[in-house]
Number of protein chains: 2
Amino acid sequence: MTAAGDATTGKGPAGEDPQGADPRDGTGYRLTAQAGHLLRRANQRHLAIFSARMPDLTPRQFAALAKLDEEGPASQNQLGRATSMDAATIKGVIDRLARRGLVATEPSQEDRRRLIVSLTEAGAELFARAAPVALEITEETLAPLAPEERRLLTALLDRIS
Amino acid sequence: MTAAGDATTGKGPAGEDPQGADPRDGTGYRLTAQAGHLLRRANQRHLAIFSARMPDLTPRQFAALAKLDEEGPASQNQLGRATSMDAATIKGVIDRLARRGLVATEPSQEDRRRLIVSLTEAGAELFARAAPVALEITEETLAPLAPEERRLLTALLDRIS
DNA sequence: AGACTTTCATTGGCATGCAAACGACCCGCA
DNA sequence: TGCGGGTCGTTTGCATGCCAATGAAAGTCT
């Protein structure tokens with residue numbers, strides 16, 4: 001270990017307060033006990049696993065390809081809603097995918113505001129190769145949990161989404 | 001809200017595959033069933049709640065204040081590790097907090113590489129007012145769950161972090 | 001002491017993510 | 001038929017978030 005004056009604050013063992021309010025100090029707040037912090041950390045680990053296993057696609061780019069594969073062509077905003085990205089975000093994602101030739105865009109005939117996005121041949125092929133890896137990523141993300149716990153976590157996350 | 005909630009049973013002969021692989025289509029991938037997607041969506045909802053309840057502070061800015069209040073002054077990188085932000089990210093957060101006079105920075109005496117960050121009077125006061133709100137944010141984030149489920153989710157998230 | 005390894009802070013670059021503002025366009029309704 | 005409200009895509013601005021590279025400063029090992 002390093003001896004560079006790095007007090008790791010061992011703190012007390014004690015029966016912790018699961019809510020994060022701690023009577024020991026004035027404000028009663030422990031960052032690491034908050035749901036938001038835990039969600040962020042879990043997500044961070046997941047993203048690290050993702051980029052290690054699928055270096056050529058970002059999670060969002062893959063999500064867009066997956067949804068296009070799942071549901072077929074859609075307008076940009078539709079696709080954004082389906083993947084939980086706002087209009088500004090999905091635009092950047094689609095632009096980058098289009099620049100790589102993984103998706104194609106064309107204006108809609110019925111509604112001239114809309115920009116229809118569809119998978120290209122290359123995009124479909126890449127997705128087909130990537131999908132199994134994506135399942136492995138989910139697997140590795142949930143690796144610390146037993147099968148029963150994985151289903152439970154999934155269900156709980158879905159309910160607070 | 002979706003049918004993914006009943007994933008706790010062994011299921012029948014050919015029920016849903018909770019892992020997200022679905023034999024019905026070629027690639028066998030359902031985006032909305034993946035842990036990463038659910039983590040992201042849950043986090044998204046949490047961030048929305050946060051910014052609605054605490055418009056003057058971002059989650060990361062608040063986290064930095066909270067950690068400083070909890071552990072006292074620390075170097076920038078130390079604080080980053082304590083709040084799970086990398087060196088590049090924590091720098092921006094501290095810069096913005098310093099510009100608002102909520103934290104102060106000064107070079108360390110013992111180690112001239114280090115930049116010691118501490119709460120200012122104003123920062124401590126703001127945190128004192130914000131901490132109760134932060135607890136409410138956690139509360140609202142977990143509102144859809146029963147107390148027992150909240151503890152369970154927290155524990156599961158901690159294990160995959 | 002001198003070389004090698006680490007750590008610290010900073011910077012540049014790329015990719016989200018969200019809010020707000022815009023112009024174009026569609027639709028229901030008076 | 002014309003108009004106001006809502007949608008679509010775009011752009012700008014700000015705040016993460018991470019990687020890689022860099023120079024300065026410590027620490028370690030011989």
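Proteins get letters first, then strands, A, B, ... in listed order; numbering begins at 1 in each. Note: hydrogens, waters and symmetry copies are ignored here, and every other heavy atom, side chains too, is used. As the structure is a computational prediction, the values presented were derived from the model and not from experiment.
Checked by atom type and distance alone, the side chain of Gln61(A) pairs as donor or acceptor with a backbone atom of Thr58(A) at under 3.5 Å. With Thr120(B) contributing its side chain and Gly101(B) its backbone, the two residues share a donor-acceptor pair below 3.5 Å. Of the possible polar contacts, one joining the Arg40(B) side chain to the Ser84(A) backbone as a donor-acceptor pair under 3.5 Å is found. A donor-acceptor contact shorter than 3.5 Å links the side chain of Glu149(B) to the backbone of Ala146(B). Formation of a donor-acceptor pair under 3.5 Å by the Thr89(B) side chain with backbone atoms of Met85(B) is not found in this model.
If you measure from atom CZ of Phe50(A) to atom P of dG17(D), you get 18 Å, rounded to the nearest angstrom. Protein atom CD of Gln44(A) is 13 Å distant from nucleotide atom P of dT16(D), rounded to whole Å. For the pair Gln61(A) CD and dG17(C) P, the interatomic distance rounds to 11 Å; values are reported in whole Å. Atom CZ in Arg41(A) sits roughly 13 Å away from atom P in dG17(D) (whole-Å rounding). Look at CD on Glu106(A): it is 13 Å from P on dG9(D), rounded to the nearest Å. In this entry the distance linking NE2 of His46(A) with P of dG17(D) reads 15 Å, nearest Å. Rounded to whole Å, the distance from CG on Asp56(A) to P on dC14(C) is 18 Å.
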For every nucleotide of nucleotides 21-28 of chain C, 5' to 3': is a protein heavy atom under 4.0 Å from its base (B), only from its sugar-phosphate (S), or from neither (-)?
---BBS--
Decide yes or no on side chain to side chain contact (heavy atoms under 4.5 Å, CB included) for Gln44(A) and Leu39(B), but give the supporting numbers first.
CA-CA 10 Å; Gln44(A) 239 171 3; Leu39(B) 278 172; over 6 Å; no
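The phosphate of dC8(C) (OP1 or OP2) has a side-chain N or O of Arg114(B) nearer than 4.0 angstrom.
Each of Ser51(B) and Leu115(B) was matched to the nucleotide of DNA chain C holding its nearest heavy atom; the match closer to the 5' end belongs to Leu115(B).
Between the side chains of Asp111(A) and Ser108(A), no donor-acceptor pair of N or O atoms lies under 3.5 Å. Checked by atom type, the side-chain pair His46(A)/Thr141(A) shows a donor-acceptor distance below 3.5 Å. Side chains of Arg45(A) and Ser161(B): no donor on one and acceptor on the other come within 3.5 Å.
Each end of the helix from dA1(C)-dT30(D) to dA30(C)-dT1(D) yields a helix axis from five base pairs, and these two axes differ in direction by 20° (to the nearest 10 degrees).
Within residues 73-104 of chain A, the residues approaching DNA chain D are Ser75(A), Gln76(A), Asn77(A), Arg81(A), Ala87(A), Ala88(A), Lys91(A), by heavy-atom distance under 4.0 Å.
Ionic pairing of Glu106(A) and Arg114(A) is not present here: no N-O contact between side-chain nitrogen and carboxylate oxygen is shorter than 4.0 angstrom.
Residue Arg150(A) comes nearest to Leu142(A) through the heavy atom pair NE-O, 3.2 Å, listed as atom of the first residue, atom of the second, then distance.
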